[in-house]
J.: 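Quick one: the structure is below, questions incoming.
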Amino acid sequence: GWFRRLLHKPKPSSVESSLNAGRSTSSSPSSSSSSAESSGSSPSTSLVRSVRPSPISLSDINASGSPRWAKNYDVCICHSEVDLEVVEELVSYLESQPESFRCFLQPRDATPGSAVVTELCDAVQNSHCWVMLITPGFLQDPWCKYQMHQALAEAPMANGRTIPVLKDVDRKDYPKELRNLYYIYMAAKENSFRQIRDTIMRYLQELCRSSASRTE
């Protein structure tokens with residue numbers, strides 16, 4: 001019996017080789033984890049750097065090569081005749097700002113003798129932004145609706161270009177064509193005028209930022 005056991009006893013070399021193979025197999029995960037720890041990162045995580053957009057100053061917007069000057073006006077005010085008084089106040093406010101916004105005001109800037117349709121289309125195409133002063137008079141004026149549709153057709157997905165402003169209108173009467181756009185509710189004129197100014201400014205800044213990224 002002892003002779004049979006001696007014959008079937010494994011050789012030391014085979015035992016050592018199997019043990020060494022076991023050690024090398026079991027140590028590979030720990031070695032990879034230790035190398036990950038030494039590098040200060042984990043295989044399952046990655047570092048994402050946040051990229052902040054470069055600031056656009058007023059001097060950048062007013063520069064000679066700024067895309068602002070590609071159009072004749074910064075903003076076109078679309079309104080009914082009965083709301084002319086408040087629109088004139090808004091235009092006076094915007095044009096007196098440090099940015100000196102260029103506003104299209106139809107009674108003042110339309111060419112005498114030209115067709116109404118031509119003037120409305122040109123005003124939309126030659127302006128960066130369009131303020132829609134939505135009042136009961138706006139909702140009843142077919143020319144206001146025509147100009148609104150022209151603006152939406154010009155840039156249907158451009159954020160910040162079409163700026164709806166509600167005044168003395170219930171939310172349920174808000175035009176369906178503008179339901180996908182946030183509006184400014186005009187309660188206090190000073191606050192509403194400032195919101196309009198900030199919206200126009202943000203669009204001009206984004207316009208300059210996009211132009212600068214394309215040239216880089």
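In this chain, numbering begins with 1 at the start of the sequence shown. Please read all numbers here as calculations on a predicted model, not as lab measurements.
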J.: Kindly give the heavy-atom pair with the smallest separation between Cys144 and Ser80, and that separation in Å.
T.: SG-N, 3.6 Å
J.: May I ask you to test the Val91-Phe101 pair for a side-chain heavy-atom distance under 4.5 Å?
T.: no
J.: Provide the closest heavy-atom pair for Arg161 versus Ser127 in the form atom of the first, atom of the second, distance.
T.: NH2-O, 3.0 Å
J.: To the closest 0.5 Å, what do you measure between CE (Met201) and CG (Leu94)?
T.: 12.5 Å
J.: Let me confirm one number: the CE-OG1 distance from Met148 to Thr162, rounded to the nearest 0.5 Å.
T.: 10.0 Å
J.: Say you draw a straight line from NZ of Lys145 to CD of Gln140; how long is it, rounded to the nearest 0.5 Å?
T.: 8.5 Å
J.: Does a donor on one side chain sit under 3.5 Å from an acceptor on the other, for Thr135 and Asp83?
T.: yes
J.: What distance separates Leu84 CG from Gln106 CD, expressed to the nearest 0.5 Å?
T.: 10.0 Å
J.: Do the non-hydrogen side-chain atoms of Leu207 and His128 ever get within less than 4.5 Å of each other?
T.: yes
J.: Carefully, step by step, assess Ser57 and Asp60 under the rule side-chain hydrogen bond (donor to acceptor under 3.5 Å, both in side chains).
T.: CA-CA 5 Å; Ser57 63; Asp60 296 325; 3.1 Å; yes
J.: Any side-chain heavy-atom pair from Tyr146 and Leu120 closer than 4.5 angstrom?
T.: yes
J.: Just wondering, do Arg171 and Leu166 contact through their side chains at under 4.5 Å, heavy atoms?
T.: no
J.: Ignoring hydrogens and angles, tell me if any N or O in the side chain of Ser66 forms a donor-acceptor pair with the backbone of Arg68 under 3.5 Å.
T.: yes
J.: Out of curiosity, does Ile200 fall in the hydrophobic cluster containing Ile184 (side-chain heavy atoms, cut-off under 4.5 Å, transitive links)?
T.: yes
J.: Can you name the closest pair of heavy atoms from Ala110 and Glu119 and give their distance?
T.: CA-OE1, 3.4 Å
J.: Is a side-chain N or O of Gln147 found less than 3.5 angstrom from the main chain of Cys78, in a donor-acceptor match?
T.: no
J.: I'd like to know if the side chain of Lys167 reaches the main chain of Tyr185, judged simply by a donor and an acceptor atom lying under 3.5 Å from each other, with no hydrogens or angles considered.
T.: no
J.: Please check: side-chain N/O of Asp173 versus main-chain N/O of Val169, any donor-acceptor pairing under 3.5 Å?
T.: no
J.: Quick one: closest heavy-atom pair of Leu181 and Pro164, and the distance?
T.: CB-CG, 4.2 Å
J.: Once you round to the nearest 0.5 Å, how far does CD of Glu177 lie from NE2 of His149?
T.: 3.5 Å
J.: Does any part of the side chain of Cys129, heavy atoms only, come nearer than 4.5 Å to the side chain of Thr199, both counted from C-beta?
T.: no
J.: Assigning hydrophobic clusters by single linkage (Ile, Leu, Val, Met, Phe, Trp, Tyr; side-chain heavy-atom cutoff under 4.5 Å), is Met186 placed with Leu90?
T.: yes
J.: Under a 4.5 Å side-chain heavy-atom rule over Ile, Leu, Val, Met, Phe, Trp and Tyr, are Met132 and Trp143 clustered together?
T.: no
J.: Counting N and O atoms only, with roles assigned by atom type, does the side chain of Arg102 sit under 3.5 Å from a partner on the main chain of Lys71, one being a donor and the other an acceptor?
T.: yes
J.: Backbone N or O of Tyr174 within a donor-acceptor pair of the Arg179 side chain at under 3.5 Å?
T.: yes
J.: Looking at every heavy atom in both Cys76 and Phe104, which two are closest together, and how far apart are they?
T.: SG-CD2, 3.8 Å
J.: Quick one: do Arg202 and Glu99 make a salt bridge, cutoff under 4.0 Å?
T.: no
J.: Would you confirm whether Asp198, through its side chain, and Gln195, through its main-chain N or O, come within 3.5 Å as a donor-acceptor pair?
T.: no
J.: Using the rule that two of Ile, Leu, Val, Met, Phe, Trp, Tyr join whenever any of their side-chain heavy atoms come within less than 4.5 Å, decide whether Leu204 and Ile77 are in one cluster.
T.: yes
J.: Are Ser100 and Glu95 packed together at the side-chain level, in the sense that at least one heavy-atom pair is separated by less than 4.5 angstrom?
T.: no
J.: Is there a side-chain contact between Tyr93 and Ile196 (heavy atoms, below 4.5 Å)?
T.: no
J.: Do the side chain of Asn126 and the main chain of Asp122 share a donor and acceptor less than 3.5 angstrom apart?
T.: yes
J.: So, do Ile56 and Cys208 sit near enough that their side-chain heavy atoms are less than 4.5 Å apart?
T.: yes
J.: Distance from Asp168 atom CG to Leu133 atom CG, nearest 0.5 Å?
T.: 9.0 Å
J.: Donor-acceptor pair, Ser92 side chain versus Glu88 backbone, under 3.5 Å?
T.: no
J.: Heavy atoms only: give me the nearest Trp69-Ser64 pair and the separation to one decimal.
T.: CD1-O, 3.7 Å
J.: Please check if Leu105 and Val86 belong to a single hydrophobic cluster, counting links between Ile, Leu, Val, Met, Phe, Trp and Tyr side chain heavy atoms closer than 4.5 Å.
T.: yes
J.: Counting only N and O atoms by type, is there a donor-acceptor contact under 3.5 Å from the side chain of Trp130 to the main-chain atoms of Val124?
T.: yes
